[in-house]
**Q** 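Here it is, the structure, as structure tokens.
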Amino acid sequence: MARNRQRGGRAAVAETVSEAVDGGVAELVPDRERPRAWTLLIDGAPQSHVDLDDPAHLDFAYQRRLGHVVDLAAPPGRPLHAVHLGGGAFTLARYVAATRPRSTQQVVEIDAPLVRLVRRVLPLDPAARIRVRGGDARAGLAKLPDGWADLVIADVFSGARTPAHLTSTEFLTEVRRVLGPGGHYAANLADGPPLAHLRGQIATAAALFPELALAADPVVLRGRRFGNAVLVASDAPLPVAEFTRRVAGDPHPGRVEHGRALADFTGGAAPVTDAAAKASPEPPPSVFRD
């Protein structure tokens, strides 16, 4: 467990916590600039950042973009029924609980030792309505009632790759079943040149949802480096103008593509089915997710 020490009358300094989990070696590293904030790394790759004093603070660029989706999914302050596929350090679940009190949330995380570690070192607010289920993301989704969710967020990585069975039209059919009318699906996707995986994921979502938007760093969209992209989908019109404004105004500004421009970017890629699905590409050794 983390230990706090007092040396020479100085303030207590938190120490890194390192434990083996199913996905590798998990480290919780204290943020030296924010007193009760931590970064979760798995095998050295940053996964999540949590500030226990300010759970509405989102440090990673892709998490900020997912936060914008949360903010725009309903009028400010309205509680949501939210599903999080992939738990990590529960950053987005904490964000929803902080910005939309009385929300009801389901988190599905397959790595039970990681869940125990995060619960112990970075405990969830006991007043928050967050239920954490163990198990596979797609299997957990299948247990939810039709139309239950206002928001489904997929941020699932096994190592540094999204498992193949979470990339298909069959998977998104299950997402569509769980979402209520006007609900939002948001996925954290990772890819690099030539962006074949990302284009295939857009085509797959377009087969199930009439409204799409994609947010990413311009250099990622131009296929110049490996990075994250946030795909948003709905059966109702998306607040594209406001989403674009917020993404452009982030500390690491991004770009949003939608409509004809997004269709052109997809470049005729075909939807992915279970029979042909592959895990997302392995990132280059020097690259960590934002």
Side-chain angles (χ1 to χ4, degrees), residues 1-21 23-71 80 82 84-101 103 105 107 109 111 113-130 132 151 153 155-157 160 186 188 190 215 217 227-228 230 246-247 249-254 287-290:
M1 294 184 62
R3 298 184 299 276
N4 293 331
R5 296 178 179 174
Q6 293 256 340
R7 295 177 178 172
R10 294 180 181 177
V13 177
E15 298 179 350
T16 295
V17 182
S18 180
E19 290 188 12
V21 297
V25 176
E27 294 177 280
L28 287 169
V29 180
D31 185 331
R32 300 305 180 187
E33 297 182 359
R34 303 178 75 91
R36 297 185 68 224
W38 301 75
T39 298
L40 168 67
L41 299 93
I42 304 291
D43 287 343
Q47 303 285 323
S48 304
H49 181 277
V50 169
D51 189 334
L52 296 177
D53 287 334
D54 183 10
H57 173 78
L58 298 175
D59 194 67
F60 291 180
Y62 88 84
Q63 290 183 329
R64 287 183 64 88
R65 290 164 190 158
L66 289 171
H68 297 324
V69 177
V70 173
D71 293 344
L80 296 175
H84 303 266
L85 304 178
F90 311 136
T91 303
L92 268 298
R94 299 174 200 265
Y95 181 84
V96 172
T99 59
R100 295 181 177 276
S103 291
Q105 303 187 73
V107 179
E109 171 58 59
D111 195 328
L114 176 62
V115 169
R116 291 193 293 268
L117 171 64
V118 171
R119 281 188 176 278
R120 188 181 79 236
V121 181
L122 308 176
L124 290 165
D125 181 351
R129 300 175 181 177
I130 301 173
V132 182
L151 176 67
I153 296 177
D155 186 12
V156 185
F157 288 85
N188 176 33
D217 290 352
N228 295 82
V230 168
R246 293 186 183 211
V247 169
D250 280 340
H252 299 285
V287 173
F288 293 132
R289 293 196 296 281
D290 284 338

**Q** What's the verdict on side-chain contact (heavy atoms from CB on, under 4.5 Å) for Tyr62 and Asp155, showing C-alpha distance, side-chain angles and the deciding distance?
**A** CA-CA 10 Å; Tyr62 88 84; Asp155 186 12; 2.8 Å; yes
**Q** Provide the closest heavy-atom pair for Gly88 versus Ser48 in the form atom of the first, atom of the second, distance.
**A**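 Closest approach of Gly88 to Ser48, heavy atoms only: CA-OG, 4.0 Å.
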**Q** Hey, are the side chains of His57 and Arg34 touching, using non-hydrogen atoms and a 4.5 Å cut-off?
**A** yes
**Q** Mind checking side chain to side chain contact (heavy atoms under 4.5 Å, CB included) for Pro55 and listing every partner two or more places apart, or none if nothing turns up?
**A**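 Applying side chain to side chain contact (heavy atoms under 4.5 Å, CB included) to Pro55 gives Arg94, Ala98.
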**Q** Which residues pass the side chain to side chain contact (heavy atoms under 4.5 Å, CB included) test with Arg119, not counting sequence neighbours?
**A** Phe90, Val115, Leu124, Val132
**Q** Specify the closest pair of heavy atoms between Ala93 and Val107, including all atoms of both residues, with the distance to one decimal.
**A**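 In this case the closest contact between Ala93 and Val107 is CB-CG2, 4.1 Å.
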**Q** With a 4.5 Å limit on heavy-atom distance, are the side chains of Leu28 and Thr39 in contact?
**A** no
**Q** Measure the shortest side-chain to side-chain distance between Leu122 and Leu52 over non-hydrogen atoms and say whether it is less than 4.5 angstrom.
**A** yes
**Q** Looking only at side chains, do Asp31 and His49 share a donor and an acceptor under 3.5 Å apart?
**A** yes
**Q** For Ala14 and Pro30, work out which heavy atoms get closest and say how close.
**A** O-CG, 3.4 Å
**Q** Could you tell me which non-hydrogen atom of Asp53 sits nearest to which non-hydrogen atom of Asp51, and how far apart they are?
**A**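 So the minimum-distance heavy-atom pair works out to N-OD1, 2.9 Å.
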**Q** For the atom pair CG (Leu41) and CD (Glu27), what is the distance rounded to the nearest 0.5 Å?
**A**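 So the CG of Leu41 and the CD of Glu27 are separated by 5.5 Å.
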**Q** Contact between Phe60 and Asn228 at the side-chain level, heavy atoms closer than 4.5 Å - yes or no?
**A**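 They are not in side-chain contact.
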**Q** Is there a side-chain contact between Gln105 and His84, using heavy atoms and a 4.5 Å cut-off?
**A**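 Result yes, sub-4.5 Å side-chain heavy-atom pair found.
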**Q** What's the separation between atom CG in Asp59 and atom OG1 in Thr91, rounded to the nearest 0.5 Å?
**A** 9.5 Å
**Q** Do the non-hydrogen side-chain atoms of Leu114 and Glu19 ever get within less than 4.5 Å of each other?
**A** no
**Q** Between Asp71 and Arg246, is there a side-chain heavy-atom distance shorter than 4.5 Å?
**A**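 Yes, side chains in contact.
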**Q** Could you grab the distance from atom CZ of Arg129 to atom CG of Leu80, nearest 0.5 Å is fine?
**A** 12.5 Å
**Q** Which heavy atom of Ala89 sits nearest a heavy atom of Leu40, and at what distance?
**A** N-CD2, 3.8 Å
**Q** At their closest point, which heavy atom of Gly23 faces which heavy atom of Asp43, and how far apart are they?
**A** O-OD2, 3.6 Å
**Q** How far does CG of Asn188 sit from CD1 of Ile153, to the nearest 0.5 angstrom?
**A** 10.0 Å
**Q** Any non-hydrogen side-chain atom of Leu117 less than 4.5 Å from a side-chain atom of Val17?
**A** yes
**Q** Considering residues at least two apart in sequence or located in another chain, which fulfil the side chain to side chain contact (heavy atoms under 4.5 Å, CB included) criterion with Asp250?
**A** Arg64, Arg65, His68
